Number of protein chains: 2
Amino acid sequence: MTDNTNMHLALIMNFSASPHTIGQWRLPRSFRGDSYLDASYWERIARTLERGCFDMLFFADSYTLHDRYQDSPDAAIRYAVQYPRLDPLTLVPMLSRVAPNLGFGVTGSTTFIPPYWLARNMATMDHLTEGRIAWNVVTSYSRSEAQNFGLDDIPEHDLRYDMADEYMQVCNKLWSSWDEDAIVMDREAGIYADPTKVHRIDHEGEFFKSRGPLCVPRSPQGKPVIIQAGASPRGLQFAAQHADVIFATPTASGGMAKHRAAINAALEAAGRSRDDVKVIWGITPVVGESEAEAKAKRDAIQANIHPEAALVLLSGHLNFDLSTLPDDVPLSDIEVSGVQAFARGQKMTAKQYAQRMAEGGNNLITGTATQVVDKMEALYTQGEGDGFMIVTHALPSSIDDFVDLVVPEMQRRGHFRSQYGSQQLRDRMFNETPNE
Amino acid sequence: MTDNTNMHLALIMNFSASPHTIGQWRLPRSFRGDSYLDASYWERIARTLERGCFDMLFFADSYTLHDRYQDSPDAAIRYAVQYPRLDPLTLVPMLSRVAPNLGFGVTGSTTFIPPYWLARNMATMDHLTEGRIAWNVVTSYSRSEAQNFGLDDIPEHDLRYDMADEYMQVCNKLWSSWDEDAIVMDREAGIYADPTKVHRIDHEGEFFKSRGPLCVPRSPQGKPVIIQAGASPRGLQFAAQHADVIFATPTASGGMAKHRAAINAALEAAGRSRDDVKVIWGITPVVGESEAEAKAKRDAIQANIHPEAALVLLSGHLNFDLSTLPDDVPLSDIEVSGVQAFARGQKMTAKQYAQRMAEGGNNLITGTATQVVDKMEALYTQGEGDGFMIVTHALPSSIDDFVDLVVPEMQRRGHFRSQYGSQQLRDRMFNETPNE
């Protein structure tokens, strides 16, 4: 396989008591349930990923909790279902200092944050990290999030993407408002910058107005690496237009091959080449030194997931209260907008599917490093991917397992770098020479 | 003097090529004019302040540039007049890791940032720093700042403070939305938190709506230390109601004694005691090992300030274009709203006063450490203060000078701590036992 000599690896986290996989703070050897409030907890994780030559540590985020289940926030609070959620924009600058090559992805919503503020924050982080920042562009989806920000409800789906399109325009203009050679620094004459090379943007659109210039000089990457994970037709259209990196989940569009075909079609419609975008698939590896050890770990993960916690998570993502249904209804029979698309091809009941999701999703891979990398090779081909987004469970041990066991096997087979090359994240993902 | 056995010290910076004093990037031994884009530049400064046992490193901020002069941004860009301005919220988390006791003040505007977002960011930072965060509440004042954020003009002065009053209500409710004992962490039962101890706030006011709860558990300080620097009557009323710390400048209200009396009256009107608030006065020390050396440093500072750069700064602060006036008009003769109050008691021309401001303000103290501390003692009494906000010029040398020369003299006289006591910033400023 000549294609998979340069896989990319990202790790997805929440700045939370509970990473993507639910309930794992209960494991006796995991970090204590409040360790995530300490910077040192995250520094240890960042150092491990740097040791493993990961491309990126990525923080998913939202500004609320999953409260669709029983129309109440109580269960999300009780079981820490991706909750609490602290602000990852404060954490990433810290971590960038202990992991000097690792890239960082942060999530920011185009529905709630003023574009001038976000563009400035990202440009600043790109400077301070010397070009290692990526922005995961989300449009948000939950009513309670909108209500935290003073709205009565979340704007309608396609409208949010129309707003996001214009939001990207504003940000791109702001990031280009300083020419690359604007800074002069003539100490003798006292001239710091050339004002003819710093431009107002005077954007006035349907949703946003901004004058500019940005008060930050052109950043090392010019703008952050743009990440998008939209899976709806409108979301894919947006991703195909703006993204450098697409995070893809196998459940989207009914399977990896179908979803990849949809991405390809969207890229073609946007007039972009398949090489312009890296597609990164989510997987949840449960790795052991033996198969039996891996299976035991998976049993422990499953045992930690309270069935109600799983339903809270899935109800949140579906924006539908699953407590109103009998336990044994197949997910594909639920006739609610959104659920049908989500459930396409899923033969499980809502309860079963919720459990699967709470374990970390459909691409759960349990086994030894050899077995995991075998499966990764197959998925890499099947999804025509450029790499993987690793979903974790026990912390820090599931990250240690991946870096200590799986990464060396990937390196042995020539799929992954053994040392960092490019300093900047976009260069690393697009211009780096594959390993021999 | 029994009163001044426990002075407090903060250092004011901008995340900029140019700190408060203008043009000092031109000094041959100063950091290069683009060093401020590197994290290590700031880490060096934070370590020095930690060595000097400072209470706090404080970042002033705004989201634009001074563009009133000649109704153009060009001169602010050309001379780097407190410009560029990067986002200090990204920098403070980094610095908190290399200076484990130092407190940090960050500026955030109640006019442009959604309160839920700001409350979450501050609570997160309070966790990650273990209780060392302060928020400088500003209402912003410039039209171009409003225009960057999509408004046509800045809301009227008193309206901004009415909005800020309600903004504080929203934040205070959000910061209290988790009871202190809400987190249970029962691994056996899988119960993370008690939902009866996490509360919606359902705020619905004149300017803001927010549902809550905050998605961040109660932070170490409960809420950040609140800093305010308002000097107008409405600003003082706001500060007296909400602030833990008031930053005061001697130009406000026509001199230190008058301004302190105005603060006292405002506190009384708000039903708060003088002990509830720490008043910190701005000073700009220019320190030498000899008087001659200090004077030479001051000459160099003055030589670096381009006269036009000084007018840019003052025009920005006055919200009035001083280029429209002859050079020799006394500041107190300018009949423009705002200027009169600002200029009260100033017998200088606008040009002279601009130069003074660009050097770092009225409390410029040039001399040896002994002379500087003598003057600080006098000002401490005169302003009935609790400490000083140090305005810098050459970087890093003016900070080194203060920490290496002035701090030991303060310690020798028993005015300042020799080691850190309390971990949290509010405790340090309010509950720490004075040095012997």
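Model, not experiment: these values are computed from the prediction. Residue numbers begin at 1 in each chain, while the letters A, B, ... track the order of the sequences.
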Self-check item: Under 4.5 Å from a heavy atom of chain B, the part of P115(A) involved
Solution: neither
Quiz item: Does R26(B) use its side chain to pair, donor to acceptor, with the backbone of E188(A) at less than 3.5 Å?
Solution: yes
Self-check item: M125(B) CE to D87(A) CG distance, which is reported to the nearest 0.5 Å
Solution: 8.5 Å
Quiz item: Between the main-chain N or O of N148(B) and the side-chain N or O of S210(A), is there a donor-acceptor pair closer than 3.5 Å?
Solution: yes
Practice problem: Heavy-atom pairs under 4.5 Å with chain B are the metric here; pick the option from S40(A), G190(A), A39(A), P220(A) that has the most. | Solution: G190(A)
Self-check item: Gap between atom CH2 of W42(B) and atom CG of L128(A) - 0.5 Å precision
Solution: 10.0 Å
Quiz item: Can you tell if the side chain of Q82(B) reaches within under 4.5 Å of the side chain of C215(A), non-hydrogen atoms only?
Solution: no
Quiz item: Does the side chain of L89(B) come within less than 4.5 Å of L89(A)'s, by heavy atoms?
Solution: no
Practice problem: For chain B, find which of S62(A), P84(A), G23(A) contributes the most heavy-atom pairs closer than 4.5 angstrom. | Solution: P84(A)
Quiz item: Which residues pass the side-chain hydrogen bond (donor to acceptor under 3.5 Å, both in side chains) test with R78(A), sequence neighbours left out?
Solution: none
Quiz item: Hey, does K197(A) have a side-chain heavy atom less than 4.5 Å from the side chain of I77(B)?
Solution: no
Quiz item: So how far is it from H127(B) NE2 to L86(A) CG, rounded to the nearest 0.5 Å?
Solution: 5.5 Å
Quiz item: Got V81(A) and Y192(B) here, is their nearest side-chain heavy-atom distance under 4.5 Å?
Solution: no
Practice problem: Between chain A and each of R97(B), R120(B), M94(B), count heavy-atom pairs under 4.5 Å; write down the option with the most. | Solution: R120(B)
Quiz item: For F15(A), is it the side chain, the backbone, both or neither that has a heavy atom under 4.5 Å from a heavy atom of chain B?
Solution: side chain
Practice problem: State plainly whether the residues R211(A) and D67(B) are in salt-bridge range, i.e. N to O under 4.0 Å. | Solution: yes
Self-check item: Interchain contact, L174(A) with chain B, by part (heavy-atom threshold 4.5 Å)
Solution: neither
Quiz item: When rounded to the nearest 0.5 angstrom, what is the spacing between OG1 in T90(B) and CE in M122(A)?
Solution: 10.5 Å
Quiz prompt | Under 3.5 Å donor-acceptor, R85(B) side chain and V216(A) backbone | solution = no
Quiz item: So which part of A309(A) gets closer than 4.5 Å to some heavy atom of chain B, the side chain, the backbone, both or neither?
Solution: neither
Self-check item: Segment of T196(A) engaging chain B (4.5 angstrom heavy-atom cut-off)
Solution: neither
Quiz item: Measuring heavy-atom distances to chain A, does D186(B) have an atom under 4.5 Å in its side chain, in its backbone, in both, or in neither?
Solution: backbone
Quiz item: So, do W117(B) and W117(A) sit near enough that their side-chain heavy atoms are less than 4.5 Å apart?
Solution: yes
Self-check item: Close side-chain approach of Y63(A) and P114(B), heavy atoms under 4.5 Å
Solution: no
Quiz item: Can any side-chain N or O of R200(B) pair as donor or acceptor with the backbone N or O of P73(A) at less than 3.5 Å?
Solution: no
Self-check item: Nearest-0.5 Å distance that lies between atom CG in L65(B) and atom CG in L214(A)
Solution: 11.0 Å
